Amino acid sequence: MSDFSVRRLRSDEERAATDLFRRALHAKEMTDEEWSAIAPSMQPDRGFGAFDQELIGTLRSFDSEVTLPGGGTTPLAAVSLVGVRADRIRRGVLTGLMRAQFEDFAARGVPAAMLHASEGAIYGRFGYGVAVRAKSIEVDRHRARFRPEAPTGGEISLLDLESTVEQWPSLFDALPRTRPGMIARSPHLWPGYERELRRATTPVTTAVHRGQDGVDGYVTYTVERAHFGAPTFLKIQSFHYASPDAFAGLWRYLISVDLVDLITAEKRPLDEPVELLFTDPRHVTVQKIQDEGWLRLVDVARMLDARTYRGEPVVVEVTDPFLEHNSGRYRLSEDGAVRTTDPADLELRADTLSMVYLGGWRPSDLAAVGRVRATGAAALERADLLFGTRVNPWCGTFF
Ligand SMILES: CC(=O)SCCNC(=O)CCNC(=O)[C@H](O)C(C)(C)COP(=O)(O)OP(=O)(O)OC[C@H]1O[C@@H](n2cnc3c(N)ncnc32)[C@H](O)[C@@H]1OP(=O)(O)O
């Protein structure tokens, strides 16, 4: 490890830290105008910097909360803007920053953290695991026909760019965050979203769905084509709903939009049944399945006790090399989670525990690739049921 120290960033260092992150991602430094648009998204006291003679690495977070299996919520740190200067990588700088950030989470009683990773090989060693995967889909608008039993939906009204910017926070906040892994959107997120919307080169439209009990869903999109004669894409930027009627009603609207060939939606829940709305499900193709959210159980005991379980108890032995105090055995049952000295049914590392925690992976599948060790098939069957969730996890918020 080279000689550097890590400390909380002062507010007058936030711009340099953001530029350092952007350089690490090969993006240009910000103009004054760009910084004034981005500055409000920096939650004070949540940034860390690594310094030798100067700033050489950074990361930050903003406060949020996450929905857990069973419907409860806990505080969550949404981690982002992670970067180390190119001439200082692979010397332990990120490791030092991670350690300082976890200490800060523990001091503030934040039991979990989530991030979206630029690369898949970075964060496992720090105890983050792929808890949420998502699919990107493409719908052939000309051929997709609704099945007769698909809900008809309610009324649709349209918002333009300015109304979308104004109403997005209240539209999102009014909808329940029902899936495990969904997070609250801090006020610090919206300036970045607004900036993205304003950078669109074609009109931004939001279709708002109103059901019997009022507004219960919305979809925001742009329509784009590469050049004259190329296929026209309706690109969904954001799609949230609270009822099957809103889900089907908004898809009916999207399919009805003229002069569109293909509809694309990125990072949708794995079990969202868009294709089943249509007479031929093959008119919806899955383009990609990717990791959407990496979860870290910072306080394993608290997080294990915060979610619900079904079925017979299981004792898990957790190994957490990065946050050693989490290592130990936990008995999980419908009554919650307690530390125990009973023999373990399953053994797994902290990053693997994160993968099963929201119900995104079955312990038996992870056992098949050597990431879970179990006493036998019966233990795995109990663990699959215990960690299983009614719906797939989904984050649905980029940060
Ligand atoms: C949530 C987000 O913001 S995602 C964006 C993350 N940022 C980027 O991708 C920007 C470009 N990359 C970078 O800035 C840096 O390379 C970082 C932040 C990914 C890593 O920072 P570093 O200071 O090099 O990490 P550090 O030296 O602490 O590495 C710790 C270990 O992880 C490994 N590691 C680090 N980055 C990577 C990587 N990209 N791929 C594979 N292994 C990696 C190191 O080899 C080291 O392994 P070791 O302990 O076995 O020796």
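The structure displayed is predicted, hence computed values, not measured ones. Ligands are counted one by one from 1 in listed order, and the atoms in each one are counted from 1 as well. One-based numbering along the sequence shown.
Look at Y123 and you'll find a heavy atom under 4.0 Å from some atom of ligand 1.
No close placement of the F4 and F51 rings is indicated, their centers lying 6.0 Å or farther apart.
Residues S136 and K267 approach most closely at OG-N, 3.4 Å, considering heavy atoms. Here the closest heavy-atom approach between residue G311 and residue E334 is recorded as N-OE2, 2.7 Å. When all heavy atoms of A150 and F146 are compared, the closest pair comes out as CB-CD2, 4.1 Å. Residues T74 and P111 approach most closely at CB-CG, 4.1 Å, considering heavy atoms.
Shown here is H26, whose NE2 atom has no more than 12 heavy atoms of other residues, nucleotides or ligands within 6.0 Å. Environment of CZ in R373: sparse, with no more than 12 heavy atoms of neighbouring residues, nucleotides or ligands closer than 6.0 Å.
Below 3.5 Å of separation, one finds an N or O of L94 facing an N or O of ligand 1. In terms of polar-atom proximity, R125 is counted as a contact of ligand 1, with an N or O under 3.5 Å from an N or O of the ligand. In terms of N/O distances under 3.5 Å, ligand 1 is approached by V84. Residue S80 has no nitrogen or oxygen atom sitting less than 3.5 Å from a nitrogen or oxygen atom of ligand 1, judged on distance alone. Looking at ligand 1, you'll find an N or O of G92 within less than 3.5 Å of one of its N or O atoms.
Residue contacts with ligand 1, taken as heavy atom pairs separated by less than 4.0 Å, involve E119 solely via side-chain atoms from C-beta onward. With a 4.0 Å heavy-atom cut-off, ligand 1 is reached by the backbone of L81 but not by any atom from C-beta on.
Under the 4.5 Å side-chain heavy-atom criterion for grouping Ile, Leu, Val, Met, Phe, Trp and Tyr, F247 is connected to V219 within one hydrophobic cluster.
Protein heavy atom in closest approach to atom 28 (O) of ligand 1: T95 OG1, 2.6 Å. When hydrogens are left out, the protein atom nearest atom 3 (O) of ligand 1 is V82 N, 3.1 Å; that is the closest non-hydrogen contact. Nearest to atom 19 (C) of ligand 1 among the protein's heavy atoms is I122 CD1, 3.5 Å. Scanning the protein for heavy atoms near atom 40 (N) of ligand 1, the closest one is A121 CB, 4.0 Å. Closest protein heavy atom to atom 38 (C) of ligand 1: R90 NH2, 3.5 Å. For atom 11 (C) of ligand 1, the closest heavy atom belonging to the protein is A24 O, 3.5 Å.
Evaluated for a side chain to side chain contact (heavy atoms under 4.5 Å, CB included) with V315, the options T375, L332, T341, T340 yield exactly one hit, T340.
Counting atoms of ligand 1 from 1 in the listed order, those under 4.0 Å from a heavy atom of H116 are 1 (C), 2 (C), 4 (S). Of all atoms in ligand 1, numbered sequentially from 1 with element shown, those under 4.0 Å from a heavy atom of G83 are 14 (O). Heavy-atom contacts of L25 reach the following atoms of ligand 1: 8 (C), 10 (C) (cutoff under 4.0 Å). Counting the atoms of ligand 1 from 1 in the order shown, those under 4.0 Å from a heavy atom of S118 are 4 (S), 5 (C), 6 (C), 7 (N), 8 (C), 9 (O). Set against the non-hydrogen atoms of R91, the atoms of ligand 1 under 4.0 Å away are 27 (O). Per-residue contacts place V93 under 4.0 angstrom from the following atoms of ligand 1 (heavy atoms of the residue considered): 23 (O), 27 (O), 28 (O).
Heavy-atom proximity to atom 15 (C) of ligand 1, evaluated over I89, L59, T58, is greatest for I89.
Among pairs with a residue in residues 28-37, those fulfilling salt bridge (charged side-chain N to carboxylate O under 4.0 Å, His left out) read R15-D32, R23-E29, E34-R195, at least two apart in sequence or across chains.
By the side-chain hydrogen bond (donor to acceptor under 3.5 Å, both in side chains) test, R8 pairs with D104, sequence neighbours left out.
We find that R108 and D63 are joined by a salt bridge, their nearest charged nitrogen and carboxylate oxygen being less than 4.0 Å apart.
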